[in-house]
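Just so it is clear: chains get the letters A, B, ... in the order the sequence lines come, proteins before strands, and each one is counted from 1.
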Amino acid sequence: MPAKCDIAFSLNGVKRELTVPAGMSALEMLRDRLGLTGTKYGCGEGECGACTILVDGSTVNSCLMFAADCDGRELVTIEGVAVSAAGERLRDAFVANGAVQCGFCTPGLMVQASHLIERHPGADEATIRRGIEGNLCRCTGYRKIIDAVAAAAKEKSHE
Amino acid sequence: MADIERYKTPTSLAEATEILRAGNVTVLAGGTDLLPQTQAGRVHFQPTLMNVRRVPELQGIAEEGAVVRIGALVTITELLESALVRGRLGILWQACDHFASDQIRNAATVGGNLCNASPAGDTLVPLLALDARVVLAAKPDGAVQTRRVPLAEFLLGPGRTCRAPTELLAAVEVPLPPAGFAGEFYKHGTRPGLDIAAISIAAGARRDGAVLRDVRIAFGAVAPTVIRAPRTEAVLEGRAPDAATLAAAVHAALGEIQPISDVRASDWYRRELIGNILKRVLTHACQM
Ligand SMILES: Cc1cc2nc3c(=O)[nH]c(=O)nc-3n(C[C@H](O)[C@H](O)[C@H](O)COP(=O)(O)OP(=O)(O)OC[C@H]3O[C@@H](n4cnc5c(N)ncnc54)[C@H](O)[C@@H]3O)c2cc1C
Ligand code: FES
Ligand code: FES
């Protein structure tokens, strides 16, 4: 019998209890079990960052995390970031700068950028480039994404 | 994929080593190697999956006498944020700065990097140069026992270590290098962090007037494990790092490596990189 794990965690501020197979990834759990499809599956290998989520305040690739390991932790996905003040600032900046084309990389980038700005308010371009190194975008060529994150970071530092 | 029959989350070293003693256990730390390796079928789960994240004895960075003890669960991000690591173990700090992406650094642990035993493992190269040893814990007969193994003996081949299946890697201990020791870590790849190194070098020494002392050099991705370069170190030890000495060091280094050709680089290119970058790294280190 494959092991099942009973886990309890906080998801975007709401307590959740779930039973998951021990081998399941956090990404599969979010998308297939909980229906939160904002978090994307790009590569499944930690290379693209489309699956980025916040766990206990730090970003991780949810495709590399076991669902069972979510037990007792605090998860925030793009659905949670989107309704925060930081998320709104980022969304406005992404739209204003034309930083979205197909949009597949956008949720992961917004989660990573929100973490980056949280850690480095007013981040300069080098810090932003470094911070989003783990997020691939096939469409924009990054320029507009970097501009958008810089705009959001600047706004945050003026608060 | 083999089924995981039991999932365990021990909360002490005693409990974790007891679970290991029962046998057939896969250890889970950050999961950044284990999850992709098992999903791709390159590694098969043992019937018990043990998540060690809640074992407090595996946490923390601390200066203990002349040694820095780094718990197995310390993440690459925690190493980067440590003033002790940045100030005293500079080449380890630099390696962490070249490690993957922010998301990976937040999850990846030093214990996982060591146990994964990649010939290109980024923390392994500076740790080997710094004469680190690993602390292995087991519970053979009712009490937790530890043994210390020099990193050079711990690493046996790609993905292979001398850790017994009943042992847990508890920590890595790094003797503080002598005052004035400075060095550089260099990793060659096309994407700054996320690439697996085509080659990597950690080199350091102490300046004593015109000459170098306590020379330490280690290479990654040019042999089945990360390696020290004792003959290269001997060429440099007690010498002024002039052009002739650097050339002799490169010559010695090329005799110490056994690079292979793979998707990341040919053996010829790896030799060229080692020669040229060793010279550059030594020149930088000598200017510090
Ligand atoms: C996209 C990507 C980029 C990467 N980039 C880099 C890079 O730049 N440099 C680099 O060196 N590596 C890199 N890696 C590899 C990986 O992230 C590291 O090796 C990491 O340090 C592994 O740590 P972990 O905690 O995630 O290990 P896990 O995946 O949890 O474990 C790795 C192995 O070690 C065993 N293990 C873990 N902890 C212990 C313990 N305490 N005792 C006994 N056994 C243990 C596990 O059973 C498993 O076999 C990358 C991986 C990915 C997916
Ligand atoms: S899907 Fe997780 S990094 Fe690409
Ligand atoms: S907008 Fe298409 S991948 Fe980034």
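- At a 4.5 Å heavy-atom cutoff, the contact between B:Leu49 and chain A is made by side-chain atoms alone.
- For the pair B:Asn106 (side chain) and A:Ser58 (backbone), a donor-acceptor distance under 3.5 Å is absent.
- Atom CD of A:Glu74 is surrounded by 12 or fewer heavy atoms from other residues, nucleotides or ligands within 6.0 Å.
- Atom SG of A:Cys63 sits about 8.0 Å away from atom CD of B:Gln39, to the nearest 0.5 Å.
- Put simply, OG on B:Ser101 and CD on A:Gln112 are 7.5 Å apart, with the number rounded to the nearest 0.5 Å.
- Across B:Leu35, B:Thr32, B:Ile104, a single residue satisfies side chain to side chain contact (heavy atoms under 4.5 Å, CB included) together with A:Asn61, and that is B:Ile104.
- Ion pairing between a basic and an acidic side chain is recognised when a charged N comes within 4.0 Å of a carboxylate O; B:Asp102 and A:Arg119 show no such pairing.
- Put simply, the side chain of A:Phe66 does not reach to within 4.5 Å of the side chain of B:Asn51, judged on heavy atoms.
- Within 6.0 Å of NZ on A:Lys40 lie more than 12 heavy atoms contributed by other residues, nucleotides or ligands.
- Here the shortest heavy-atom pairing between B:Asp3 and A:Pro2 reads OD2-CG, 3.7 Å.
- With values rounded to the nearest 0.5 angstrom, B:Gln103 atom CD is found 8.0 Å from A:Cys51 atom SG.
- The number of heavy atoms from other shown groups lying within 6.0 Å of CD (A:Glu118) does not exceed 12.
- Ranked by heavy-atom pairs under 4.5 Å with chain B, the list A:Leu64, A:Ile53, A:Asp71 is led by A:Leu64.
- Around CZ of A:Arg138, the count of heavy atoms belonging to other residues, nucleotides or ligands within 6.0 Å does not exceed 12.
- In this structure, the side chains of A:Arg73 and B:Arg53 come closer than 4.5 Å at one or more pairs of heavy atoms.
- With respect to chain B, the highest number of heavy-atom pairs below 4.5 Å among A:Ile132, A:Val55, A:Leu116, A:Val60 belongs to A:Val60.
- What you find for B:Ala100 and A:Glu133 is that their closest heavy atoms are O-OE1, 3.3 Å.
- Between chain B and the options A:Gly46, A:Gly72, A:Cys5, A:Ala68, heavy-atom pairs under 4.5 Å are most frequent for A:Ala68.
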